[in-house]
Amino acid sequence: MIHPRPTKLQSFQRSALGALLVHLFTLSIPGTAAVTDPRPNIVFVMTDDHAAHAISAYGSKVNITPNMDRLGRQGLRLERCYAVNSICTPSRATILTGKYSHKNGSPVFNTFNSAQPTVAKYLQVAGYHTGLVGKWHLGSDPTGFDSWEILPGQGRYIDPVLYDKDGAKVYKGYATDVITDLGLAFLSNRPPGKPFLLMLHHKAPHREWTPDAKHKAMFAHRTIPEPSTLHDNYATRSDALKEQKQTVFKHLTRGDLKMIPPAELQGTNRSAWMGAVPKEVEITDAQGRRQTLTGEALNRWKYQRYMQDYLACVQSVDDNLGRLTDWLDANGLKNNTIVIYTSDQGFFLGDHGLYDKRFFYEESARMPFLVRWPGVIKPGSTSEALVINTDFAPTLMAAAGLTVPSDIQGRDLRPIFSGLKPESWRDAIYYRYYHDPGHHNTRAHYGIRTQRYKLIHYWKIDQWELFDLKQDPKELRNLSQDPGQQAILTELKKSLYRLKSELKDNDEFTDSLPKDDVDGPPKKWKPGYGPTASSGNR
Ligand code: CA
């Protein structure tokens with residue numbers, strides 16, 4: 001990536017303070033009309049657990065997402081964008097700071113130290129009007145936003161509670177609609193003459209995947225194609241995959257499957273019934289006949305019920321993304337606004353027999369990333385450059401004309417946006433997941449992905465997985481024990497340790513992690529704000 005060396009004046013203007021002073025000066029010249037700020041507005045839409053392979057622009061075989069597809073057609077689709085720690089709180093902390101978990105202090109579900117610099121703070125200081133609505137899930141209250149209104153913890157889908165610095169409020173309706181309404185209100189009420197940053201974070205399609213009535217009906221009788229790895233037997237893979245507890249067949253509960261408890265069950269008995277895994281289920285089929293499902297028939301039914309609800313939640317997000325972009329276009333904000341659609345990580349959609357995320361496998365760590373930026377991004381672009389979520393903050397800062405501080409670990413994506421292929425672009429990405437055993441009994445691991453290979457080390461059990469993604473894109477054949485692959489294994493281990501060292505990730509940090517990594521409500525949570533709906537739904 002080669003940029004001309006900036007002049008001293010340009011360097012000053014690109015600094016946060018410089019940009020602010022120039023901005024204030026420009027707008028306050030006596031006797032002149034306010035000058036339109038040329039810096040781009042930014043609308044950053046992020047969902048929770050939306051896998052790229054549930055977007056038709058990414059070749060989904062299970063749904064059609066016209067509004068996400070349209071955003072991609074108007075701009076760029078990143079094919080190889082990854083979370084560096086595939087779970088909610090850590091990914092969000094990385095997106096805000098441009099730093100890995102070991103640098104921003106949020107490797108697990110611990111509280112994000114909101115005193116540290118974030119992209120929102122940098123843009124706010126530079127004169128941006130900054131807003132946040134929806135899912136936050138970082139334990140502490142937001143900082144760096146002129147206005148914010150967030151779900152407590154995980155929040156709930158129906159009639160959600162949101163709170164701001166002054167207190168909480170119940171909103172009648174469905175969370176995805178409500179959060180979009182609040183985002184549009186932020187845009188409508190913004191001060192004139194200032195560029196803005198809106199971070200609009202949906203709860204959907206996070207577990208427990210509760211759709212609204214309209215979208216539930218769309219998927220209620222649909223048969224969703226099964227992924228080819230739904231019955232993966234985990235041969236050749238590590239014990240970590242065999243020990244996890246996030247399978248569709250063995251771990252989805254009656255609550256996840258939206259089963260109706262017997263009316264006589266109340267209180268803890270009712271909760272226990274909902275939290276148990278059903279061994280048989282009675283259903284009424286399309287012909288109105290009663291059937292008791294067990295074994296393989298029950299397994300396949302579970303997959304359908306899970307995916308029908310998940311995809312119905314996604315469909316509401318797609319509708320609301322369309323509502324948001326239509327509003328921007330109708331209000332003269334199309335040409336100078338960057339619009340991004342992404343998710344905090346991917347999700348298993350029955351792939352490897354799983355739901356949830358956490359693992360460094362493709363379906364889980366890969367993030368959708370669609371962006372339009374008229375005049376900068378050529379419509380219909382795609383890129384296979386290796387991108388990670390540390391790159392988001394520096395990209396937005398650079399787009400706002402700021403110099404990116406040297407302690408930020410991500411990289412400015414604008415060359416990728418412009419269709420350039422910088423010679424110095426990264427050839428491998430580093431990943432580290434910390435919860436162990438944590439929820440779903442997932443083992444901690446770190447690893448690297450290059451354009452062709454992936455190497456994963458489950459360090460606490462000292463087991464390795466090596467995949468040739470060109471020959472084996474579904475990651476079914478672990479080659480780490482293959483005598484013919486030892487040369488590439490050695491080479492990848494060297495790259496892994498070099499990258500780990502360059503990023504200053506040391507194992508002392510991991511050893512010092514708090515033992516209590518339990519998800520929970522924000523520290524300032526007050527009981528009157530309503531239920532957090534967080535326990536068991538991470
Ligand atoms: Ca998530």
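Quick note: numbers below take in every heavy atom, side chains included, and nothing from hydrogens, waters or symmetry partners.
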Query raised in the report: So, is the end of the K302 side chain (NZ or CZ) under 6.0 Å from the ring centre of F249 and within 45° of the ring's axis?
Result: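 No, K302 does not sit over the ring of F249.
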
Check this for me: [X], atom [atom1], are more than 12 non-hydrogen atoms of other residues, nucleotides or ligands nearer than 6.0 Å?
{"X": "Q486", "atom1": "CD", "value": "yes"}
{"X": "I64", "atom1": "CD1", "value": "no"}
{"X": "E280", "atom1": "CD", "value": "no"}
{"X": "K242", "atom1": "NZ", "value": "yes"}
{"X": "D427", "atom1": "CG", "value": "no"}

**Report entry** Residue list, salt bridge (charged side-chain N to carboxylate O under 4.0 Å, His left out) with E79, at least two apart or on another chain
**Finding:**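 Partners of E79 under the salt bridge (charged side-chain N to carboxylate O under 4.0 Å, His left out) test: R77, R366.
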
Report task. Using salt bridge (charged side-chain N to carboxylate O under 4.0 Å, His left out) as the criterion, list what pairs up with E226, not counting sequence neighbours. Result -> R300

Query raised in the report: Less than 6.0 Å separating the ring centroids of H352 and Y234?
Result: no

Quick one: does any side-chain atom of [X] pair with a main-chain N or O of [Y] as donor and acceptor, under 3.5 Å?
{"X": "R449", "Y": "R80", "value": "no"}
{"X": "Q304", "Y": "T223", "value": "no"}
{"X": "D256", "Y": "Y306", "value": "no"}
{"X": "S364", "Y": "F359", "value": "yes"}
{"X": "S316", "Y": "A312", "value": "no"}
{"X": "T342", "Y": "P368", "value": "yes"}
{"X": "Q345", "Y": "S91", "value": "no"}
{"X": "R207", "Y": "D356", "value": "no"}
{"X": "T253", "Y": "A276", "value": "no"}
{"X": "T236", "Y": "N478", "value": "yes"}

Check this for me: does any side-chain nitrogen of one of [X] and [Y] sit under 4.0 Å from a carboxylate oxygen of the other?
{"X": "D507", "Y": "K500", "value": "yes"}
{"X": "K216", "Y": "D309", "value": "no"}
{"X": "D49", "Y": "K135", "value": "no"}
{"X": "K454", "Y": "E362", "value": "yes"}
{"X": "D69", "Y": "R73", "value": "no"}

Query - I388 vs R426, side-chain contact (heavy atoms from CB on, under 4.5 Å): CA-CA, chis, key distance, verdict - result: CA-CA 10 Å; I388 45 182; R426 66 170 68 89; 3.6 Å; yes

**Report entry** Minimal non-hydrogen separation, L293 against Q291, with atom names
**Finding:**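 Distance-wise, the nearest heavy atoms are CD2-OE1, 3.6 Å.
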
Query raised in the report: Per the ring pair (Phe, Tyr, Trp, His ring centres under 6.0 Å) rule, which among W464, Y434, W459 passes with Y446?
Result: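 Testing each of W464, Y434, W459 against Y446, the sole residue satisfying ring pair (Phe, Tyr, Trp, His ring centres under 6.0 Å) is W459.
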
Query raised in the report: Are the side chains of Y430 and Q409 in touch, meaning some heavy atoms are under 4.5 Å apart?
Result: no

Query raised in the report: Looking just at side-chain N and O atoms, do H137 and D48 make a donor-acceptor pair shorter than 3.5 Å?
Result: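 No, D48 and H137 have no side-chain donor paired with an acceptor closer than 3.5 Å.
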
Query raised in the report: Between the side chains of D344 and H50, does any donor sit under 3.5 Å from an acceptor?
Result: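 The answer is no; no qualifying pair exists.
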
Query raised in the report: Run the side-chain contact (heavy atoms from CB on, under 4.5 Å) check on N63 and S56 step by step: do they pass?
Result: CA-CA 6 Å; N63 65 340; S56 37; 5.5 Å; no

Report task. Go through the steps for Y431 and S86 under the test side-chain contact (heavy atoms from CB on, under 4.5 Å), then give the verdict. Result -> CA-CA 9 Å; Y431 179 91; S86 177; 3.0 Å; yes

**Report entry** Residues forming a side chain to side chain donor-acceptor pair (under 3.5 Å) with S381, sequence neighbours excluded
**Finding:**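 Result, side chain to side chain donor-acceptor pair (under 3.5 Å) vs S381: none returned.
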
